[in-house]
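Note that ligands are numbered from 1 as they come in the structure, with each ligand's atoms numbered from 1 the same way. The figures here come from the full heavy-atom set of this structure, side chains too, leaving out hydrogens, waters and symmetry mates.
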Amino acid sequence: MKNSRVYNFSAGPGALPLSVLQRAQEELLGFRGMGMSVLEMSHRSDRFKQILSDTRENMRVLLNLSEDYHILFLQGGATLQFSMIPMNLLRDSGRCANYVVAGTWGKKAVKEARREGQVCVIWDGEPEGFSRMPRPNEWQSDSDAAYVHLTSNETIHGLQMHWEPEAVSCPLVCDMSSDFLSRPIAAECYDLIYAGAQKNAGPAGVTVVILREELLERVSASLHALLDYRVHVGADSMYNTPPVFSIYMVNLVTQWLLQEIGGLRKMASVNTEKAAMLYQVIDESDGFYSGHVQADSRSRMNVTWRISDSKLEPIFLTQALRRGMHNLKGHRSVGGLRASIYNAMPLQGVRTLRDFMHEFREEYSH
Ligand SMILES: *Cc1c(COP(=O)(O)O)cnc(C)c1O
């Protein structure tokens, strides 16, 4: 099996750890002596309830989350959260929602929020071509804002926030879809964190929403049940049938992080090492390769770059593919190249890419 697997640099759904996939394979036909698959199991069964509560517990340990926070497993992707957040926290509030827009995902979040009420973009990276994150203290929120919304890692442009926001006087909401569980965070800074699982935490189909209990007091009274955070909290993420298999996979990934990796501090140090390898090749290439992003905002999850002669990019992709490196093409909206090196991308995969980048440059630079 190992030999037939390629290095998958996909931005999402992203690669999963091999040992997690193998475990899922072993347990696919019969889950731990039950004689049935998790795919077939009632979500009301004790075994599934155990999976759900273990997953939550693992996450609490990994993120050092206090009991003040609820952990929900929802559907609809991070994209539905673009709508659910303003539905729950902006609708009927008479307040303004503040958004920091550092890339495409932040922009999409604003578009949905505007349907629910007043939105104020308090920092916008678009005039600078989404080439950097805001610096600490570069934005100021309204003191009575409904909430402030940030995106910690802009997946498409390859930008990441490398500082934790200071406490603000209103709820702080963060889209962590593409760097969730990749590093330790100061969880107590945030009131709501959300992440589609398919970048770092598991497969597509489940979205983790972590929210502070106090936030529930602000929820609008006019919501449909499935769109109301209070309903999901009250039903323990089982108001309707949850995505049982996706949650089980998140369970395996969190176990892998705890037992094989040894926690988020260790994970972050591997991720930092991986990213540094690629940025070093770019920086030492005498302009053959160039990164789009300013150094202080470089993402450790999505490395984006170009080749100075853009005609070489398709050749780069073809040759990389031949060497077993897949999905290195940049997002269609920005072009260039992108290597997504989430938690599950092994060091060896990044070394292979680094060595190839060196060789390619030697062959094609004159
Ligand atoms: C992928 C991504 C999304 C969208 O996630 P879906 O689960 O496809 O809805 C939103 N925000 C960020 C930062 C992402 O990387």
Side-chain angles (χ1 to χ4, degrees), residues 8-16 72-87 97 99-113 115 121 123-126 130 132-134 147-162 165 172-183 185 190 192-210 226-227 232 237 242-243 245-247 249-250 253 271 275 292-293 297-304 327 329-334 338-345:
N8 177 11
F9 293 93
S10 167
L16 285 163
L72 303 177
F73 299 96
L74 306 183
Q75 299 186 67
T79 304
L80 185 60
Q81 294 310 307
F82 294 167
S83 301
M84 266 179 85
I85 289 160
M87 283 175 157
Y99 279 72
V100 172
V101 175
T104 306
W105 292 115
K107 214 171 145 179
K108 284 195 169 165
V110 164
K111 189 172 169 213
E112 300 308 319
R115 302 179 201 274
V121 173
W123 190 85
D124 187 359
E126 194 158 21
F130 293 134
R132 67 175 181 95
M133 280 288 181
Y147 56 86
V148 175
H149 182 282
L150 308 168
T151 311
S152 54
N153 187 76
E154 279 286 355
T155 325
I156 290 175
H157 312 277
L159 295 158
Q160 190 175 28
M161 230 174 250
H162 293 295
L172 193 57
V173 173
C174 190
D175 177 358
M176 292 194 187
S177 292
S178 49
D179 63 1
F180 187 58
L181 303 181
S182 74
R183 58 180 179 179
I185 55 166
Y190 305 93
L192 192 155
I193 291 167
Y194 65 103
Q198 72 274 19
K199 312 284 166 64
N200 240 342
V206 64
T207 302
V208 180
V209 175
I210 297 172
L226 204 59
L227 299 171
H232 291 292
S237 294
F245 199 78
S246 297
I247 293 170
M249 291 298 290
V250 173
V253 170
N271 286 333
H292 164 72
V293 168
S297 302
R298 284 172 161 179
S299 171
R300 293 181 186 139
M301 296 281 103
N302 315 95
V303 178
T304 52
N327 295 313
K329 197 172 181 350
H331 189 271
R332 60 187 184 279
S333 63
V334 298
R338 172 174 58 172
S340 296
I341 48 173
Y342 299 123
N343 288 352
M345 171 57 63

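Within the 3.5 Å criterion, the main-chain N or O of G196 finds no donor-acceptor partner in the side chain of T207. Proximity of a side-chain donor or acceptor of Q81 to a complementary backbone N or O of A195 within less than 3.5 Å is not detected. Looking at R338, its side chain does come within 3.5 Å of a backbone N or O of T155 through a donor-acceptor pair. Between the side chain of S297 and the backbone N or O of M133, at least one donor-acceptor pair lies under 3.5 Å.
Polar contact with ligand 1: present for Q198 (N/O pair, distance under 3.5 Å). Residue G77 has no nitrogen or oxygen atom sitting less than 3.5 Å from a nitrogen or oxygen atom of ligand 1, judged on distance alone. Considering backbone and side-chain atoms together, T79 places an N or O closer than 3.5 Å to an N or O of ligand 1.
For the side-chain contact (heavy atoms from CB on, under 4.5 Å) criterion with Y342, the lone passing option out of N271, L181, N302, D179 is N302. Here the rule is side-chain contact (heavy atoms from CB on, under 4.5 Å) with L74, and of L227, V208, V209, L80 only V209 fits it.
The heavy atom nearest to atom 15 (O) of ligand 1, considering only T155, T151, V206, T104, is found in T155. Checking K199, M176, Q75 against atom 14 (C) of ligand 1, the nearest heavy atom belongs to K199.
A109 meets the side chain to side chain contact (heavy atoms under 4.5 Å, CB included) test with F82, Y99, H149; sequence neighbours excluded.
If you number the atoms of ligand 1 from 1 as listed, the ones under 4.0 Å from a heavy atom of A78 come out as 3 (C), 4 (C), 5 (O), 6 (P), 7 (O), 9 (O), 10 (C). The ligand atoms of ligand 1 that sit less than 4.0 angstrom from a heavy atom of D175 are 10 (C), 11 (N), 12 (C), 13 (C). Residue S178 approaches ligand 1 through these ligand atoms, each under 4.0 Å from one of its heavy atoms: 13 (C), 15 (O).
Contacts between N153 and ligand 1, counted as non-hydrogen atom pairs separated by less than 4.0 Å, involve the backbone only. By the criterion of a heavy-atom distance under 4.0 Å, the side chain of F82, and not its backbone, is placed next to ligand 1.
For the pair V253/N343, no side-chain contact is recorded, criterion being any heavy-atom separation below 4.5 Å from C-beta on.
The shortest separation from a heavy atom of T207 to ligand 1 is not under 4.0 Å, leaving the residue out of contact.
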